[in-house]
Amino acid sequence: MIAEHAIILVVVLPLLVAPLCVLLGRGTLAWGAATLAVWSSFGLALHLLGRVLEEGVLRYQLGGWAPPVGIEYRLDLAGALVMTIVTAIGAVVLPYSFASVRREIDEHRHAWFYACLLLCFAGLLGITVTGDAFNLFVSLEISSLATYVLVSIGRDRRALTAAFRYLLLGTVGATFYLIGVGFLYQMTGTLNMEDMARILTEARPDGLGPVHSTKTVRAALAFLTVGTFLKIALFPLHVWLPNVYAYAPSVVSAFLSATATKVAILVLLRVFYTVDGKATPFDALPIADTMVPLAIVGALVASFVAIYQRDVKRLLAYSSIAQVGYMAIGIGLATQAGLAASLLHMINHAIMKGTLFLAVGCIVYRVGQTRLEGLRGVGREMPLTSTALVLGGLSLIGVPLTAGFVSKWALLQAVLADSHWIVAALILLSSLLSILYVGQVIHVLLLRKRPPGAAPIQEAPLWMVLPTLVLAIGNLWFGIASDQAAEVSRQAAEFLIREVAP
Amino acid sequence: MEFLGYINYWVFIVLMMSGFYLFLSARNLVKKIIGLNLFQTSVFIYYISTGKLRDGSVPIQTEGIESYSNPLPHVLILTAIVVGVASTALGLSLILRIKDDYGSIEEDEIDAQDVLS
């Protein structure tokens with residue numbers, strides 16, 4: 001019974017527990033409920049990933065209404081992969097959140113915080129499982145609205161303006177998506193993604209050629225693409241991101257950086273591959289010609305700006321924009337190897353950015369701020385946290401034996417297979433820049449001395465250090481035993497491409 | 001006639017562009033929200049227009065009526081309206097807190113304060 005409904009339980013469970021958190025009222029109780037819900041989702045997600053690997057695409061009809069009339073949940077390998085990332089990060093972040101939230105958020109808001117975190121979580125998972133274009137919009141907005149609250153819930157007033165700007169741009173992105181879906185619905189008369197793909201590519205009875213070659217569909221794809229670019233923060237639509245990650249509470253930064261952009265990339269893949277049966281975006285629109293240059297410029301500019309940041313969280317935020325650039329390059333190549341590299345980098349980036357933001361959160365817990373000049377020598381007194389930070393940093397640079405290396409190497413191979421020499425060189429250049437900014441953080445934390453007379457600092461509480469270290473070891477694990485993740489992302493990419501060319 | 005036949009879509013485009021322009025150009029946070037709202041509302045009009053059929057009746061089955069307007073876009077847009085209301089409410093409440101903390105809702109003045117701090 002659970003196995004049959006697992007695919008919807010993953011989403012519904014956190015959605016139902018969210019109001020429960022508010023009713024429980026007390027921070028500790030809400031935390032307990034939220035942790036249970038997220039861990040159950042994680043368990044279900046692992047179960048579903050296993051099943052998708054064995055049986056192929058899983059389908060579920062909401063309320064027993066058959067598609068295309070009813071809403072269909074449809075989990076393919078790419079969706080299951082992202083679902084596993086999101087739930088895994090959630091499962092790691094929640095134990096960590098207990099101490100961190102108590103330090104960074106006012107007590108009367110704790111229950112609301114966990115409720116919003118669960119709503120955001122449910123929305124993100126909803127995107128991974130849905131097979132319905134409009135349902136995707138609703139899930140996207142559930143997660144986005146919860147995110148705006150999460151960002152602004154801390155004590156830093158700059159988070160308010162950051163959240164407000166995110167709200168404005170996020171809503172524009174979502175509305176663009178809505179317009180795109182409207183155009184597609186007008187042309188196809190269906191909202192089910194697979195049905196859309198079928199109708200778009202079918203020859204019409206009046207002999208006018210398939211619908212996907214009409215201007216309306218092209219306009220729809222353009223709207224969908226630009227709207228999603230806003231959500232994944234692809235350069236130059238990234239302006240909302242740095243302040244959001246920098247001023248949000250540490251837990252929120254870690255959770256968002258590791259999940260939200262990844263799910264938005266999945267939306268992009270759904271638009272390019274699932275909705276559009278023939279991958280027209282790459283034929284009809286100059287997507288490859290715009291996406292790859294934008295992504296590469298974004299990777300370079302963001303890496304360059306990151307070097308000059310004086311705030312660790314802002315620095316990591318800019319690095320996130322650069323990393324999103326790498327993923328976009330892989331997608332823009334429109335080859336199977338590129339797509340697989342993107343998916344792999346998506347997993348690995350979730351792990352490494354999660355590690356880094358969690359480690360920074362540990363430092364915030366003890367020091368109370370993130371400006372580089374205030375952090376001199378702090379790492380020496382927090383050995384476990386700085387171990388995690390160094391591991392995450394090395395992975396971000398892409399040092400061999402870390403997760404970052406594996407996926408960057410895969411990306412380089414994919415780029416070289418298409419003989420884009422310049423792109424490959426620029427990826428390497430941007431990696432060199434990342435040595436500079438990661439090196440700067442490590443230098444300040446570990447090599448500089450504490451100012452004389454500064455109060456001694458303790459290591460962060462065990463329940464914060466432990467999750468951080470778990471993710472940090474994940475970096476090594478996915479770097480050394482990388483075959484499994486690589487194989488899964490290769491299969492996921494193969495499946496997405498196969499949908500395109502049946 | 002051609003133009004008048006598409007009047008809904010012209011309204012959609014004009015509203016959308018004016019909303020978007022207001023959203024981009026206004027420096028006052030409340031005006032930005034107004035622009036955003038206009039932008040979203042224009043999309044609602046678009047959706048509702050797509051459901052209309054010439055000579056189509058309301059989608060309630062009655063004898064003697066053959067063609068009905070398509071109710072699905074209307075239902076979709078109900079959901080989108082809820083989403084729009086939620087984001088407007090959230091935006092306005094954020095503005096309230098910004099006003100409390102910064103004492104202003106003009107973007108320039110807020111930015112100036114952040115640079116100083």
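Being a predicted model, the structure only gives us computed values, none of them experimental.
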If I compare all heavy atoms of A:Q186 with all of B:Y9, which pair ends up nearest, and what's the gap? NE2-OH, 3.6 Å
May I ask you to check whether over 12 heavy atoms, not counting those of A:W240, lie within 6.0 Å of atom CH2? yes
Please output the residues of residues 160-177 of chain A in contact with chain B, using a heavy-atom cutoff of under 4.5 Å, in numerical order. A:L160, A:T161, A:A163, A:F164, A:R165, A:L167, A:L168, A:L169, A:T171, A:V172, A:T175, A:F176
Does some side-chain heavy atom of B:L72 sit less than 4.5 Å from a side-chain heavy atom of A:L191? yes
Anything in residues 131-148 of chain A with a heavy-atom distance to chain B below 4.5 Å? Please list those residues in order. A:F134, A:F137, A:V138, A:E141, A:L145, A:Y148
CZ of A:R157 to CD1 of B:I98: how many Å apart, nearest 0.5 Å? 10.5 Å
Of B:S87, B:G35, B:S93, the largest count of non-hydrogen pairs under 4.5 angstrom with chain A goes to B:S87
Taking side chain as everything from C-beta outward and backbone as N, CA, C, O, which of these in B:F20 sits under 4.5 Å from a heavy atom of chain A? Side chain, backbone, both or neither. side chain
Among B:L90, B:I95, B:V82, B:T79, which has the most heavy-atom pairs under 4.5 Å with chain A? B:L90
Who pairs with A:H110 by ring pair (Phe, Tyr, Trp, His ring centres under 6.0 Å), at least two apart in sequence or on another chain? none
Side chain, backbone, both or neither: which part of B:N70 has a heavy atom under 4.5 Å from chain A? side chain
Without swapping roles, check the side chain of A:Y185 against the backbone of B:P73 for a donor-acceptor pair under 3.5 Å. no
Tell me if the OH atom of B:Y21 is crowded by more than 12 foreign heavy atoms within 6.0 Å. no
Does any pair with a residue in residues 27-36 of chain B pass salt bridge (Lys or Arg N to Asp or Glu O under 4.0 Å), and if so which ones, sequence neighbours excluded? B:R27-B:E107, B:R27-B:D108
Distance (rounded to the nearest 0.5 Å) between A:I179 CD1 and B:M16 CE: 3.5 Å
Between B:I110, B:L76, B:T50, which residue shows the highest count of heavy-atom pairs closer than 4.5 Å to chain A? B:L76
Flag the pair B:Y46 / A:F183 as yes when their ring centroid distance falls below 6.0 Å, and as no otherwise. yes
